[in-house]
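First the structure, then my questions, so here it is.
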Number of protein chains: 2
Amino acid sequence: MSAAARTEPSTPRRGRPGYDQTAVLRAAVDLFNRQGYEATSMGDLARELGFTKSAIYHHVPSKEHLLRLALDESLDELEAVVAETGADPPAAEGEGGCPAYDRLRSVVRRSVEVLVEHQPAVTLLLRVRGNSPAELRALERRRAIDTRLAELVRASADEGSLREDLPPTLVSRLLFGMVNSLVEWHRPGGEVDATQLAEAVVALAFEGLRTMPASTRSQG
Amino acid sequence: MSAAARTEPSTPRRGRPGYDQTAVLRAAVDLFNRQGYEATSMGDLARELGFTKSAIYHHVPSKEHLLRLALDESLDELEAVVAETGADPPAAEGEGGCPAYDRLRSVVRRSVEVLVEHQPAVTLLLRVRGNSPAELRALERRRAIDTRLAELVRASADEGSLREDLPPTLVSRLLFGMVNSLVEWHRPGGEVDATQLAEAVVALAFEGLRTMPASTRSQG
DNA sequence: CCTACCGATCGGTAGG
DNA sequence: CCTACCGATCGGTAGG
């Protein structure tokens, strides 16, 4: 995606076999998530990769660059979800698109899938505190996404599709707080199917966890 | 509570007026939450408090001790919730206590109240990665609490009070993931009433967010 | 509560 | 002269 990430197909002898920037990034994000970004030294990362600290700088210009790559990955994915499901203004309610309620369900479903498929990168994003320009930029992009999601919840409430006894802002925060909490326990490895997990989250969020009073079920 | 926390009433000239260990702890937890524990230096904390780095060590033996105090506070509170609402084995279903379903609702409600009232300490707890013995001990205590909560969810499901199309373990994780996400946005300052917020979370979790199909309402 | 420091380790880079 | 690394060490700063 970025210029630094490309590998030349014509020069396959670049770097130790099996170690390109992507491999370093994957190992780094893994360590950052296990220990925290600040608590992870480049020495830790070098040990994990099996070569020296200096060798890392052949593949990547800085520690912060690794963080930036991971944050961009997760933000690109999440922004795509918001865009494709029409949380964007263009697909306003009543226009060409579906009702806000259906779009909200789609956003939740797709968000879960992104969180599962990009779990390491998204985990890092959700823990960013704003300690550097890169982190501050990520926080801004994330805030923009959250705002779009909150607007979609509000639109659904205005339609009358959502319960009216709770403020939409609160509902939005709790809903996506539940979705985001996935990264705390979900581990990559095909244990659970992403689509199936997404269906479960949607069902729980929209219908609640108590026994169903014989009403409408989802189209699972 | 701990020996290090007591202040001698007979020596009022200890430290600068208005700055005891509790004040240092409060400022430290605040900074840890804003910047992350590892990213916060004792120098940062000194600047925040308005005196030198070394002066901090008059009030507290180490940076890690500040973390330990905060983690203990949050864990004590959360363990009390689990104990008082009978997620403990003693108050098994059908015995002297209420049904598991009611106890689960109480645990959720009380958890929200604890998260609101001890937000800084609980926030720190939820971000611990296990980078030191103190953090590992906290993770163990937290895991024990999570296990109790999962058992209570399972007991509710066994009663038939909860929907049966979702595994209790998943329900437990998502439910308390939503509850815990409160610390990400709730800021102390009386803006929202804790009891009111707890009712909202319980309602959303148990009844879902779509328009109610004219069924049972909570006793709000 | 400060000045003056310590052993150790940080992220990053030198020459070869 | 290059790529792909290594052993050693840089200037600064961490917790104490």
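Below, chain A is the first sequence line, B the second, and so on; all start at residue 1.
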| request: Check the distance between D:dG16's C1' and B:Leu45's CG and give it to me in whole angstrom. | output: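 Taking atom C1' of D:dG16 as the reference, CG of B:Leu45 is at 14 Å.
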| request: Indicate, yes or no, whether a donor-acceptor pair under 3.5 Å links the base of C:dT3 to the side chain of B:Ser54. | output: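 Answer yes: a donor N or O sits under 3.5 Å from an acceptor.
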| query | From C:dT3, D:dC6, C:dG12, pick the nucleotide closest to the side chain of B:Thr52? | reply |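 Nearest listed nucleotide: C:dT3.
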| What is the distance, rounded to the nearest whole Å, between atom OH of B:Tyr37 and atom C1' of D:dG15? |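 Answer to the nearest Å: 9 Å.
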| Could A:Glu117 and A:Arg110 be called an ion pair, given the rule that one side-chain N must be under 4.0 Å from one carboxylate O? |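 Salt bridge: no.
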| task | May I ask you to decide whether B:Arg47 forms a salt bridge with B:Asp44, counting only side-chain N to carboxylate O separations under 4.0 Å? | result |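 Result for this pair is yes, salt bridge flagged.
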| query | Should A:Tyr57 be listed as having a side-chain N or O under 4.0 Å from OP1 or OP2 of C:dT13? | reply |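 So the side chain of A:Tyr57 is outside the cut-off, no N or O lying under 4.0 Å from OP1 or OP2 of C:dT13.
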| Under 4.0 Å between a side-chain N or O of A:Ser41 and OP1 or OP2 of C:dC10? |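 Indeed, a polar side-chain atom of A:Ser41 lies that close.
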| query | Could B:Arg127 and B:Tyr37 be counted as a cation-pi pair, given that NZ or CZ must be under 6.0 Å from the ring centre and within 45° of the axis? | reply |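 Checked: cation-pi criterion not met.
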| For atom CD of B:Glu38 and atom C1' of D:dT13, their distance in whole Å |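 Interatomic distance, CD of B:Glu38 to C1' of D:dT13: 15 Å.
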| said: Nearest whole Å is fine: how far is D:dC6 P from A:His58 NE2? | reply: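 That distance rounds to 11 Å.
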| query | Whole-Å distance between D:dT9 C1' and A:Met42 CE? | reply |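 The distance from CE of A:Met42 to C1' of D:dT9 comes to 17 Å, rounded to the nearest Å.
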| task | Measure the distance from NE2 on A:His65 to C1' on C:dG12 and round it to the nearest whole Å. | result |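 That distance rounds to 15 Å.
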| query | To the nearest Å, how far apart are A:Ile56 CD1 and C:dC10 C1'? | reply |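 Whole-Å distance recorded here is 13 Å.
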| task | Could you give the distance separating D:dG16 and C:dA4 at their C1' atoms, to the nearest angstrom? | result |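 That atom pair is separated by 13 Å.
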| said: So that I can tick it off, tell me whether B:Arg141 and B:Glu79 are bridged by a salt bridge, with the cut-off set at under 4.0 angstrom between side-chain N and carboxylate O. | reply: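 Looking at B:Glu79 and B:Arg141, the cut-off is met.
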| request: Rounded to whole angstrom, note down the C1' distance from C:dG15 over to D:dC5. | output: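 My reading of the C1' atoms in C:dG15 and D:dC5 gives 13 Å.
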| Any donor-acceptor pair under 3.5 Å between the side chain of B:Lys53 and the base of D:dG15? |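 It does, because a donor-acceptor pair links the side chain of B:Lys53 to the base of D:dG15 below 3.5 Å.
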| Got a salt bridge between B:Glu151 and B:Arg154, using NZ or NE/NH1/NH2 to carboxylate O under 4.0 Å? |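 The answer is no: the pair does not qualify as a salt bridge.
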| What's the CD-P distance between A:Glu64 and C:dG12, to the nearest Å? |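 Nearest whole value for this atom pair: 8 Å.
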